[in-house]
Number of protein chains: 2
Amino acid sequence: MKLSSDITQHLAASGIRLTKQREQVLGVLLQKRDHPTAGELFLRVRRHVPSISLATIYNSLEALVDCGLVKQVHVDRAATRFCANLMNHSHFYCNHCGTVSDISVPRDSSWNLPPGFVVTQADVSLRGACPNCSKNSL
Amino acid sequence: MKLSSDITQHLAASGIRLTKQREQVLGVLLQKRDHPTAGELFLRVRRHVPSISLATIYNSLEALVDCGLVKQVHVDRAATRFCANLMNHSHFYCNHCGTVSDISVPRDSSWNLPPGFVVTQADVSLRGACPNCSKNSL
DNA sequence: AACTGATTTAGAACAATTCTTGATCTCATT
DNA sequence: AATGAGATCAAGAATTGTTCTAAATCAGTT
């Protein structure tokens with residue numbers, strides 16, 4: 001597993017130390033982009049670092065989120081999911097198969113808010129049927 | 001506390017029984033529209049029905065959500081909040097004072113999804129500063 | 001090599017929610 | 001009014017995802 005210089009720079013810039021554990025967490029997150037939960041990441045990373053603990057997964061994720069390399073995905077109140085897609089995007093949750101797809105984020109201008117509101121973060125999550133499931137259920 | 005015939009009809013139509021507990025939960029939710037959590041509702045409703053249990057708050061909310069009279073509001077993974085605003089709307093969470101404001105929902109057309117995705121529910125939550133706080137923090 | 005602070009680990013603690021069980025209530029039928 | 005069936009309620013236990021704590025380990029610096 002090799003991190004792009006892009007990413008290592010990002011890490012250095014934020015002053016976060018690149019430990020074996022963090023490297024693996026990020027690596028696993030980059031490898032299979034299916035928005036895993038902390039628990040799922042734990043199982044995957046453990047294959048490479050058998051001694052890792054769940055707390056370290058959480059710690060690593062916190063560090064990576066803090067330095068902007070990883071984003072959290074919230075769908076309802078289900079377990080937080082994580083993704084390493086740094087593009088500004090939102091998520092689509094399929095009610096049938098449970099997969100989470102990245103989708104491009106709507107134009108900022110589409111929030112027609114009353115005056116005075118200042119938006120710093122927009123969190124859009126859509127639900128419904130993904131292309132696969134909408135095809136099959138017809 | 002008197003429920004509008006609109007609402008009682010809605011209840012009857014969904015076949016949910018209007019018990020004292022459910023009536024109070026809905027009443028309290030209609031009375032102060034500040035998007036309380038289940039715990040907050042528990043404290044408020046207990047003033048009218050001292051014997052009510054938290055489990056009943058959850059049960060009542062479930063029934064009311066099922067029949068469409070109440071909506072859940074999710075902001076990150078914090079405790080679920082509830083609101084009785086039946087208009088199609090989204091929520092704005094103020095990072096400074098923590099209040100949740102209703103905002104009108106963006107036009108459906110603004111999700112430009114790849115073909116095949118069928119949206120059944122859109123959950124938009126914005127964060128930032130509400131008019132009050134954006135004014136004061138300058 | 002010793003020191004300092006950051007990081008890791010394991011498990012305890014926590015908060016929100018759901019589940020379980022037995023008691024109570026409601027309504028329809030007599 | 002009494003009965004029975006099913007819905008609802010209350011209390012607390014259980015579950016789940018996450019955070020906290022404390023001790024052990026590690027990395028980089030003197």
Side-chain angles (χ1 to χ4, degrees), chain A residues 8 11-28 35-67 69-83 93 98 100, chain B residues 8 11-28 35-67 69-83 93 98 100:
Chain A
T8 49
L11 281 165
S14 333
I16 113 159
R17 199 132 86 188
L18 186 57
T19 63
K20 182 177 58 172
Q21 288 84 346
R22 289 174 183 164
E23 188 176 6
Q24 289 296 330
V25 170
L26 182 54
V28 164
H35 307 85
T37 61
E40 286 163 355
L41 276 169
F42 178 45
L43 296 178
R44 293 182 199 173
V45 174
R46 203 163 51 172
R47 295 203 283 262
H48 304 101
V49 189
S51 68
I52 202 168
S53 82
L54 181 55
T56 300
I57 300 289
Y58 277 104
N59 289 340
S60 301
L61 286 169
E62 190 187 2
L64 293 167
V65 168
D66 281 355
C67 81
L69 276 173
V70 166
K71 280 184 160 183
Q72 294 181 309
V73 182
H74 295 285
V75 178
D76 291 353
R77 238 189 77 88
T80 306
R81 295 172 173 279
F82 297 86
C83 76
Y93 176 82
V100 176
Chain B
T8 48
L11 283 164
S14 332
I16 113 158
R17 205 182 270 174
L18 186 57
T19 64
K20 184 176 57 169
Q21 288 84 346
R22 290 174 183 164
E23 189 175 7
Q24 289 295 331
V25 169
L26 182 53
V28 164
H35 308 85
T37 61
E40 287 163 355
L41 276 168
F42 178 44
L43 296 178
R44 293 182 199 174
V45 174
R46 203 163 50 171
R47 295 203 284 264
H48 304 101
V49 190
S51 68
I52 202 167
S53 81
L54 181 54
T56 300
I57 300 289
Y58 277 105
N59 288 340
S60 301
L61 285 170
E62 190 188 1
L64 293 168
V65 167
D66 280 356
C67 81
L69 276 172
V70 167
K71 279 184 163 184
Q72 294 182 308
V73 182
H74 295 285
V75 178
D76 291 353
R77 239 189 76 88
T80 306
R81 296 171 173 281
F82 296 87
C83 77
Y93 176 82
V100 176

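Just so we're on the same page: letters track the sequence lines, and every chain starts at 1. The shown structure was predicted, so the numbers you read here are calculated from the model rather than taken from an experiment. Computed from heavy atoms alone, side chains included, the values below leave out hydrogens, waters and symmetry copies.
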Problem set entry | Whole-Å distance separating the CD atom of A:Q24 from the P atom of C:dT7 | 17 Å
Exercise. Roughly how far, to the nearest 0.5 Å, is CG of A:L43 from CD1 of A:I52?
Worked result: 11.5 Å
Problem set entry | Expected output: side-chain A:R81 to main-chain A:V73 donor-acceptor under 3.5 Å | no
For this session: Sort by first number and list every stem of DNA chain D: at least 3 consecutive Watson-Crick or G-U wobble pairs, both distances under 3.5 Å.
Result: C:1-30 with D:1-30
For this session: Work out which heavy atom in A:V100 is nearest to a heavy atom in A:Y93; give both atom names and the distance.
Result: CG2-CD1, 3.9 Å
Problem set entry | Separation of atom CD1 in A:I52 from atom P in C:dT9, rounded to whole Å | 5 Å
Exercise. NA contact type, A:T19, heavy-atom cut-off 4.0 Å: base, sugar-phosphate, or nothing?
Worked result: sugar-phosphate
Exercise. Quick one: A:Q21 CD to C:dA6 P, roughly how many Å, whole number?
Worked result: 17 Å
Interface polar pairs with nucleotides 13-20 of chain C, N/O, under 3.5 angstrom:
{"from": "C:dT17", "atom 1": "OP1", "to": "B:T80", "atom 2": "N", "distance (Å)": "2.8"}
{"from": "C:dT17", "atom 1": "OP1", "to": "B:T80", "atom 2": "OG1", "distance (Å)": "2.7"}
{"from": "C:dT17", "atom 1": "OP2", "to": "B:Y58", "atom 2": "OH", "distance (Å)": "2.5"}
{"from": "C:dT17", "atom 1": "O5'", "to": "B:Y58", "atom 2": "OH", "distance (Å)": "3.2"}

Seminar exercise, completed: From CG of A:D66 across to P of C:dT7 the rounded distance in Å is 11 Å
Problem set entry | All side chain to side chain donor-acceptor pair (under 3.5 Å) counterparts of A:R77, not counting sequence neighbours | none
Problem set entry | For A:H48, the option from A:E23, A:Q21, A:Q24 that meets side chain to side chain contact (heavy atoms under 4.5 Å, CB included) | A:Q24
Exercise. Phosphate oxygens OP1/OP2 of C:dT9: is one of them under 4.0 Å from a side-chain N or O of A:S51?
Worked result: yes
Contacts under 3.5 angstrom, residues 54-61 of chain A side chains, donor-acceptor by atom type, not counting sequence neighbours:
{"from": "A:T56", "atom 1": "OG1", "to": "A:S53", "atom 2": "OG", "distance (Å)": "3.3"}
{"from": "A:N59", "atom 1": "ND2", "to": "A:A55", "atom 2": "O", "distance (Å)": "3.4"}
{"from": "A:S60", "atom 1": "OG", "to": "A:T56", "atom 2": "O", "distance (Å)": "2.8"}

Problem set entry | Spacing of B:L18 atom CG relative to C:dT26 atom C1', expressed in whole Å | 13 Å
For this session: With the side chain counted from C-beta on, respond yes when A:Q72 and A:F82 share a heavy-atom pair under 4.5 Å apart, and no when they do not.
Result: yes
Exercise. Within a strict 4.5 Å, meaning less than it, do heavy atoms of the B:S51 and B:V49 side chains meet?
Worked result: yes
Exercise. Got a sec, which residues hit side-chain contact (heavy atoms from CB on, under 4.5 Å) with B:D66, two or more places apart in sequence or on another chain?
Worked result: B:E62
For this session: Kindly state each residue pair satisfying salt bridge (Lys or Arg N to Asp or Glu O under 4.0 Å) with at least one member in residues 11-22 of chain A, sequence neighbours excluded.
Result: none
Problem set entry | 5' to 3' contact window, DNA chain D with chain B (heavy-atom distance under 4.0 Å) | D:dA7 to D:dT18
Seminar exercise, completed: In short, A:L41 meets A:V25 closest at the heavy-atom pair CD2-O, 4.4 Å
